[in-house]
J.: 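What follows is a single structure, and I will ask about it in a moment.
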There are 2 protein chains.
Amino acid sequence: MTSTADAPRSPGRPRSIRADEAIIEATLDLLAEGSTIEALSIEAIATRAGVGKATIYRRWAGKDALLLDALRRLKGVLAQPAGHSVRDDLVLLVGAIGKNVDPRAAKIMPCLAPAVNRSADQFQLYQNIISPRRQLMREVLRRGIDEGVLRADIDVEVTMALLTGPMLIQRVLQWNPDLDEQALPERVVDAVLEGIRAR
Amino acid sequence: MTSTADAPRSPGRPRSIRADEAIIEATLDLLAEGSTIEALSIEAIATRAGVGKATIYRRWAGKDALLLDALRRLKGVLAQPAGHSVRDDLVLLVGAIGKNVDPRAAKIMPCLAPAVNRSADQFQLYQNIISPRRQLMREVLRRGIDEGVLRADIDVEVTMALLTGPMLIQRVLQWNPDLDEQALPERVVDAVLEGIRAR
DNA sequence: GCGTTACGAGTCTGACCCGTATCGTATTTC
DNA sequence: GAAATACGATACGGGTCAGACTCGTAACGC
C-alpha cells in the first residue's frame with residue numbers, strides 16, 4: 001500500500017476509505033467470478049468498484065501492487081488445534097488446507113499456481129502465507145513424537161507433505177472428482193497413521 | 001488437428017509438414033519461456049515459428065484448438081512398472097508423477113492448473129491425460145492387496161491420492177523448497193506403507 | 001473563504017491483438 | 001502449361017487496455 005504509517009496531517013481532502021474497500025472488493029469479486037489474473041484490467045476493476053481509474057493509480061503503482069494487497073485479504077485465520085489428541089489435531093489441520101474464511105478464495109487459489117513459480121516475489125508471498133500453517137502442523141507432529149504417539153524416526157517434513165498433498169490436489173486441482181472431499185481429511189490422517197502394509 | 005484421415009489426393013501444393021512442426025514447437029517454446037496461456041498470442045507464435053498467421057488459421061480454428069494439439073505433445077510415455085515388487089513399482093510410479101519426456105513440460109504444467117477448473121473441456125482433457133496413469137497405480141495397489149502385501153481394507157482411491165499428492169504439490173507448486181525432490185518418491189512410498197504411528 | 005487534495009467520469013495516445021483478406025511466389029496434380 | 005492450393009508477408013477494421021490527462025465537484029485545514 002502507498003500509505004505511510006505516520007500521518008503528519010496532510011492538507012486537502014483525505015482519501016476515501018470506502019474507495020479503498022470498494023477497489024479491493026471489486027478485485028476479489030472479479031477474480032472469484034472467473035477472471036484470470038492477467039485478464040483482469042484496471043478499467044474493469046474501476047468500473048466494478050464505481051471508481052475512477054485515477055483513484056486506483058493514485059493508490060497503487062499498477063496491477064501487481066493492487067493484486068498483492070488484495071490477495072493479502074484472503075488469508076484466513078489459522079486453525080487452532082485443540083491439543084488433546086494428535087490424530088484429531090491433524091484431522092483439523094488437514095481439513096483446513098485450502099479452506100479459507102473468504103469463499104472467494106477457493107476460486108482464486110488455483111489461479112495463483114502459475115504466478116507462484118514465475119516471480120520470486122510472488123513465490124515469497126505464497127511461502128509467507130503457508131509457512132505459519134506448516135509450522136502449526138510441524139508442532140503437532142513433534143508433539144506426537146514427544147508423546148510417543150508417533151514413531152521417533154519419521155521425517156517430519158515428508159510427513160507434512162504426505163498429509164498436505166492429497167488434500168491440496170483435491171481442493172485445488174480437483175484431482176479425482178470421485179473422491180469424497182468431506183471425508184478426505186480423516187481418511188488421509190488415518191491412512192498415514194496406520195500405513196497400508198499388511199501385518 | 002484439421003487433417004482428415006483419408007487423403008483422396010487433393011490437388012495443389014500440399015501443406016508443409018515443417019510448418020506444422022514449427023508452429024507446435026513455437027507454441028511450446030513460448031509457454032516454456034514463461035508466457036501464460038492467455039498471454040500467448042497467435043501473432044507471437046507465427047513470428048516465432050517464422051510463419052504467416054494465415055498458415056496457423058488454415059490449420060486450427062483458434063488458439064484453443066492449437067493449444068490442445070500442442071499440449072498433447074507433452075504427454076510423456078507411461079512408466080512401465082516391472083511387476084516384481086509392489087513397493088518398487090510404486091516408487092517408480094510416484095517418481096514419474098509430473099516428470100515428462102519434454103523438459104518444457106515442467107514449466108508449462110503449473111499454468112494448466114487454473115485452466116483446468118474453468119472450462120469443462122479442459123478439465124476433461126486433463127482427466128484424459130492422467131487417468132491412464134491413475135489406472136496404472138490402481139492396478140499395482142490391487143495387485144498388492146491380492147498378493148497380501150497390502151492390507152485388504154484400504155481405500156484404493158484415497159491411497160492413490162496419498163501417494164500422488166505429495167509429489168504433485170512438490171513438483172508443480174514447489175510446496176516446500178527444502179524437500180529433497182530426488183529422494184521424495186521413496187520416502188513417500190515407504191511412509192505410506194509403514195505408517196507413522198508408533199508401535 | 002481559500003488553498004489543497006481527493007473524487008467520479010471521461011478523453012486521448014499508443015500499444016497490442018484478433019481474424020480476414022490480399023499480395024506475389026512456390027509447389028503440386030492433371 | 002493450367003488449375004489448384006499452399007506459402008510468408010503485410011494490411012485492414014475492430015477491439016481492449018495502460019496510463020496520463022482533463023473536467024467539474026467534494027471534503028478537509030486554516
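Lettering follows sequence order; numbering is per chain, from 1. Below, each value reflects all heavy atoms present in this structure, side chains not excepted, and no hydrogens, waters or symmetry copies.
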J.: Can you figure out which of D:dA27, C:dC7, D:dC7 approaches the side chain of A:Ala19 most closely?
T.: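 It is C:dC7.
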J.: Students often get this wrong, so: under 4.0 angstrom with heavy atoms, is A:Ala54 touching a base, only sugar-phosphate, or nothing?
T.: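 The residue A:Ala54 makes base contact.
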J.: Is a salt bridge present between A:Glu38 and A:Lys63, judged by a nitrogen-to-oxygen distance below 4.0 Å?
T.: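 No, A:Glu38 and A:Lys63 are not salt-bridged.
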J.: Report the distance from atom CD1 of A:Ile45 to atom C1' of D:dC17, rounded to the nearest whole Å.
T.: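 Value for this atom pair: 12 Å.
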J.: What I want to find out is whether B:Asp180 reaches B:Arg187 closely enough, with some N-O distance under 4.0 Å, to be called a salt bridge.
T.: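 Salt bridge absent between B:Asp180 and B:Arg187.
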J.: What integer distance in Å separates A:Glu38:CD from C:dC16:C1'?
T.: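 One finds 14 Å between C1' of C:dC16 and CD of A:Glu38, rounded.
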J.: Rounded to whole angstrom units, what separation is found between the CD1 atom of B:Ile17 and the P atom of D:dC7?
T.: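 One finds 11 Å between P of D:dC7 and CD1 of B:Ile17, rounded.
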J.: Distance alone, cut at 3.5 Å: any donor-acceptor contact between the side chains of A:Arg134 and A:Gln127?
T.: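 Yes - a donor-acceptor pair under 3.5 Å links their side chains.
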J.: Between atom OH in A:Tyr57 and atom P in C:dA9, what is the gap in whole Å?
T.: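 From A:Tyr57 OH to C:dA9 P: 17 Å.
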J.: Using whole Å, what does the distance between atom C1' of nucleotide C:dC7 and atom CD1 of A:Ile56 come to?
T.: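 That distance rounds to 13 Å.
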J.: Roughly how many Å is it from CZ in B:Arg58 to P in D:dA4, rounded to a whole number?
T.: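 It works out to 17 Å between those atoms.
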J.: DNA chain C: B:Gly12 or A:Thr47, which has the more 5' nearest nucleotide?
T.: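 So the residue in question is A:Thr47.
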J.: Please state whether the phosphate of D:dC7, meaning OP1 or OP2, lies under 4.0 angstrom from any side-chain nitrogen or oxygen of B:Ser16.
T.: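 It does not, given that no N or O in the side chain of B:Ser16 lies less than 4.0 Å from OP1 or OP2 of D:dC7.
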J.: C:dA26 base to B:Arg13 side chain: any donor-acceptor pair below 3.5 Å?
T.: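 Answer yes: a donor N or O sits under 3.5 Å from an acceptor.
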J.: Return yes if a side-chain donor-acceptor contact under 3.5 Å exists between A:Gln170 and A:Asn176, otherwise no.
T.: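 No, A:Asn176 and A:Gln170 have no side-chain donor paired with an acceptor closer than 3.5 Å.
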J.: Tell me: CD of A:Glu43 to P of D:dA18, nearest whole Å?
T.: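 Taking CD of A:Glu43 and P of D:dA18, I get 6 Å after rounding.
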J.: Look at the side-chain N and O atoms of B:Arg18 and state whether any lies under 4.0 Å from the OP1 or OP2 oxygen of D:dA6.
T.: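 False: B:Arg18 side-chain N/O out of range (4.0 Å or more) of D:dA6 OP1/OP2.
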J.: Pick one: which of A:Arg48, A:Arg73, A:Arg104 meets salt bridge (Lys or Arg N to Asp or Glu O under 4.0 Å) with A:Glu25?
T.: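 The single option meeting the salt bridge (Lys or Arg N to Asp or Glu O under 4.0 Å) with A:Glu25 is A:Arg104.
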J.: Please determine whether any donor N or O and acceptor N or O are separated by less than 3.5 Å between the side chain of A:Lys53 and the base of D:dG19.
T.: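 Pair found.
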J.: Here's a test of your reading of the structure: between A:Ile42 and B:Val51, which maps to the more 5' nucleotide of DNA chain D?
T.: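 Whichever sits nearer the 5' end wins; that is B:Val51.
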J.: For A:Gly62, which contact category applies under a 4.0 Å heavy-atom criterion: base, sugar-phosphate, or nothing?
T.: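 No contact at all - A:Gly62 keeps every heavy atom at 4.0 Å or more from the nucleic acid.
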J.: Send over the distance from A:Leu67 CG to D:dA18 P, rounded to a whole Å.
T.: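 Nearest whole value for this atom pair: 11 Å.
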J.: From C-beta outward on B:Thr55, which listed nucleotide comes closest to its side chain: C:dT28, D:dG8, C:dT4?
T.: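 When the side chain of B:Thr55 is considered, D:dG8 is the closest of C:dT28, D:dG8, C:dT4.
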